[in-house]
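The structure appears right after this line, and notes come after that.
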Amino acid sequence: MKGTSFHCPVRAHLIMLAILCFAAVIPDSAQAAGFRMMGYDVSAIGSGNSQVAYGDGFGVLYTNPALMSRFQEKMGASFIFYRPELKIELGKRPANADIPISIYDARVGKLEGGLDRAVPTLETQHYRTDTSVDGFNPYLGLGMTQSFGIEGFRFGSMALIPIGDVANTVTRYSDEREQYYSNQVHFTRFGEWDNMISGFLGVSYSPVKYVSLGVSVQVALAMLANINIYIPEATVQDYMLTTSKASIEWAFRPIVGVQVEPIEYLAMGLVFRAEKYIKIDGRGSINMWNYHKTFEDSSINVTVPNRPASKLSWAVDYEPMELASSVGFNYEGFKMQAVLTWERWSQFLDTSAQRPEEAAEFRALNRNDAIVNGEDYKWSDTLSVNVGAEYKYLTWATVKAGWGFSPSPVPMQKGRTNYADNDVMMVAVGHIFDFEILKHQFSAELGFQFWYMFDRVVYKDPGQVRDEFADGSVSLFGGEVMNESYGLQTNNPGFPSYKQGGWMVVSGGSLNYHF
Amino acid sequence: MAALSMTACAVTEGNAPSFEELGYYKCTQDSDCGDKRYCNEDLYCASDCRRDADCYLFAPSGMICSNEGRCLYEWELVDGDGEESGEGEGEGEGEGEGELTDIVCDKPADCTADQWPEDCGNRQCFDYGYQYTCDPSGKCLDNKTVDYGTSSGEDSPANDYVGVWGLLLPTGARTSDIPLVGFQDTVSINHYLVRIRHDGNGGLIMDETMCFLRLKNYYEEPVSKELGWMVIPQNYIDHVPVVQHHVAAADLEPLEAGNAFKTDRMWEIRGVHLEDPLNDELPVRSDVDAGDDRVWDQDKDGNVGMTTEMQGVLTGQVYSDQRWSNQMTGEIVDADHIKGEPDPTYEQHAIGASSTTLLQDQATSMVHPEGKLTYFRMLRLDEDASCDEVMEMANEEQGNYLCWTWFEDDEECVLFEE
């Protein structure tokens, strides 16, 4: 076997492991979710992320780890970038939909739902604006497969490291509560990803010629954060003492695959990928000097220190449970495969750790408001299709192409939530150049994808959006009815409509050394 | 073909909501929408502001909040009388002598039901000037002249005092044992419309109608931001009765610069009926919880006692009873100006609140040790002066004798927006 005298691969695996450990100390995020659609290496990009029945890149650690035993041991580095050009244009609001400043004079209450009180539209921290997603996102990829001298066995590892911002995670609300923050509508599933390191470790074994098995894990982590704040002087709000405590737990996404080649010209693959998301639970507490509350459940007239605390919960980097099956053909240097992937989006958790059907429901402020049925907003399971083909037209040159279609799991967003998403389609091309230097075998590869998100215009149903200024509200002073409260007032950035769509390019090049 | 398929796959979900679906309050003119509201171009009620400061985000300077709740530049106001188009209340009505007005006041039966004197309805009429009194029909009667009583003689020094005066009475208080901040210093800024009349014995009676009461937090050191402050609703002010100070003939000196001015001590009880107003214990929260029926809803808002509003970090209503007294001692500045130092006493208890966090039974109040926060100034006004005029002078005229300054000898007034 070539390269068995080459000692660096073992050390290189240790380096890769170190990179993955580094990945573990910072929050993994939605970035991985982006490459799950594009492919984790240049080979997958050029094949339209279809490598389930056939494949020869490090990206098979995600698409089907059983394929690692089907290609020669190698190590390689790649440069990949993606650049989206996506836009969400917000519709013009009627003037009366704004929260007037007089809401400050209204009895807003403190009971359930009363604390998510709207701020006057004019005083939101950020004005309601369109969303543009157009950054250039470069990545460095490193990968390796190694047999350790065992026939039919492969150990593989891969890391994808962003160049520039290494860690950048943002959580958002999908409804009117986003008024307190960006006051925008955001893409949920495609295009608006954060920059994070992602990595895989896996093994593959082919006990007989016709069958190969593989298992890999996607590295993720769970983080627990506690923040304690002490405010010595409540009237001096720009001075406080803080301590924090963070603990990190490993989390893994197992991927199990099998590939069979019953005859020389035919291959089939089947892959199971578990659900994955990073759950972040935290707790924040505030202590203040000379701040007390009445001692509960006691007839004694005493007070005790009041230390308000709140629990925090987020879920980032959600990837659904997936089951992918593929059939491929191989004849005279021509390979083709088609993949059908079932994605269980019905269990989706947004970054606020809410399911869409939960987020859509709200406690109505007005007696006559319709009751929203959250099931209408539950995401659907989907079937995605990827097709890839390649042809080795010279002994040293192979051309590749691919196509993919991923339907949106997001139902009509006529209610409170604004999960911006739509069907996306992709076309891909790639090319491999094989060459030798000093009797060592190398390959260089190029890949390119073009993604298109179809336009989707969403109009809200006023009866399904939370009215944030209750009809017939009365003033704090005098109890006068506030006529401006009648009808729908909301700072929901998606009201009354928004239009989304755009495109994205993905490209990369790689250099591999074959042992 | 690709472009065609991309266009074909675009989707539109739902329909643009119509105004009818949105359910806004329809109107045809501003008056359909109530105070500080206007009828916008779409013919629905709207409100942009409550006070001039709210207009800052429309334009950093120069906009004011109109009576109809619009942020406008001054030049956008239609006429030059400082009001928007149309006549103000009472303008151009041309009432005849002794005619009834449309101003509503409490009938004698309403007064006695609340254990007040039969003429308590005068309180609502005096807001508009002391020429108004409450007719038994429940409407204010415009008498065209002010009743000053009968003089004890042509040479009585009281003759020079009688008239209508404005009174500024700021009183500093310190409330201790407040959570978060430890203690809070507050200045109560009282503005009264005062009628000085003869008592028939050579002395004077000062009828004092409260025009406005504001509370302002006082800090000896600057703070980055106020955490909380108390607001006195207009409804509270409207239900404070006319109080009286007496100046005995023996204490009355001629109205000449440098002479002394001294009243008796006035006592006022709010939110509770006491058999002995000076000596009975003022009910506390536990008394009210135990069913003490002496407390009553003086401001008629459905809650016991008098209702004030807490704003800031803690918001809500506080219901309280109160006993306070005041005696004024000062000097004559000239025939139209009197100033001096009051000697107030306070006792107040929170007997309820819209939120338990606002109930601080441990809090106690005292007159603020910084004496210069507490003072009084009186200015003689025209006979037909009203509370509106007092407030206009206090709020808008820098240097006016009735505008409030932090300390007695400060020159710069703190003007309030209304």
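All heavy atoms count here, side chains included; hydrogens, waters and symmetry mates do not. Naming convention: chains lettered A, B, ... in sequence-line order (proteins, then strands); numbering from 1 in each chain.
Across every non-hydrogen atom of Pro100(A) and Ser47(B), the tightest pair is CB-O, 3.4 Å. Across all non-hydrogen atoms, the minimal contact from Arg50(B) to Ile101(A) is NE-O, 3.9 Å. Ala46(B) approaches Glu484(A) most closely through the heavy-atom pair CA-CB, 4.1 Å. Between Asp32(B) and Asn483(A), the shortest heavy-atom distance links the atoms O-ND2, 3.4 Å. The two residues Ala16(B) and Tyr459(A) make their nearest non-hydrogen contact at CA-CD2, 3.4 Å. The minimum heavy-atom distance linking Tyr24(B) with Leu488(A) is given by the pair OH-O, 2.8 Å.
To the nearest 0.5 Å, atoms CD (Glu21(B)) and CG (Asp461(A)) are separated by 7.0 Å. A distance of 10.0 Å separates CG in Leu22(B) from CG in Asp467(A), rounded to the nearest 0.5 Å.
Looking at heavy atoms from C-beta onward, Pro94(A) lies in side-chain contact with Phe19(B) at the 4.5 angstrom threshold. Proximity of Cys45(B) to Met482(A): side-chain heavy atoms (C-beta onward) are nowhere separated by under 4.5 Å. Residues Asp471(A) and Tyr25(B) are not in side-chain contact: their nearest non-hydrogen atoms beyond the backbone lie 4.5 Å or more apart.
Counting heavy-atom neighbours within 6.0 Å of Glu123(A) CD, excluding the residue itself, gives a total above 12. A 6.0 Å sphere centred on CD of Glu41(B) holds no more than 12 heavy atoms belonging to other residues, nucleotides or ligands.
Within the 4.5 angstrom heavy-atom criterion, no atom of Lys499(A) approaches chain B. When heavy atoms are compared at a cutoff of 4.5 Å, Asp98(A) does not approach chain B at all. There is no contact between Ser497(A) and chain B, counting heavy-atom distances below 4.5 Å. Using a 4.5 Å cut-off between heavy atoms, Asn40(B) contacts chain A through its side chain alone, with no backbone atom that close. If you measure heavy-atom distances from Tyr236(B) to chain A, you find no contacts under 4.5 Å at all. Neither the backbone nor the side chain of Met453(A) comes within less than 4.5 Å of any heavy atom in chain B.
Of the residues considered (Gly487(A), Ala95(A), Pro120(A)), Gly487(A) shows the highest number of contacts with chain B, using heavy-atom pairs under 4.5 Å. When the candidates Pro496(A), Gly463(A), Ala97(A) are compared by the number of heavy-atom contacts under 4.5 Å with chain B, Ala97(A) comes out ahead. Taking Ser485(A), Ser102(A), Gly91(A) one by one and counting their heavy-atom pairs under 4.5 Å with chain B, the maximum is reached by Ser102(A). Per-residue heavy-atom pair counts under 4.5 Å with chain A were compared for Asp48(B), Asp35(B), Asn15(B), Asp299(B), and the maximum is reached by Asn15(B).
Paired with Glu13(B) under the rule side-chain hydrogen bond (donor to acceptor under 3.5 Å, both in side chains), one option of Lys460(A), Arg456(A), Gln413(A) passes, and it is Arg456(A). The side-chain contact (heavy atoms from CB on, under 4.5 Å) with Val11(B) is formed by just one residue from the set Val457(A), Asn422(A), Asp423(A); it is Asn422(A).
Listed by chain and number, the residues in a ring-ring contact (aromatic ring centres under 6.0 Å, His included) with Tyr377(A) amount to none (sequence neighbours excluded). Under the salt bridge (Lys or Arg N to Asp or Glu O under 4.0 Å) criterion, Asp106(B) pairs with no residue, sequence neighbours left out.
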query: Under the side-chain contact (heavy atoms from CB on, under 4.5 Å) criterion, do Tyr104(A) and Gln311(B) qualify, and how do the steps go?
result: CA-CA 10 Å; Tyr104(A) 286 148; Gln311(B) 294 193 354; over 6 Å; no
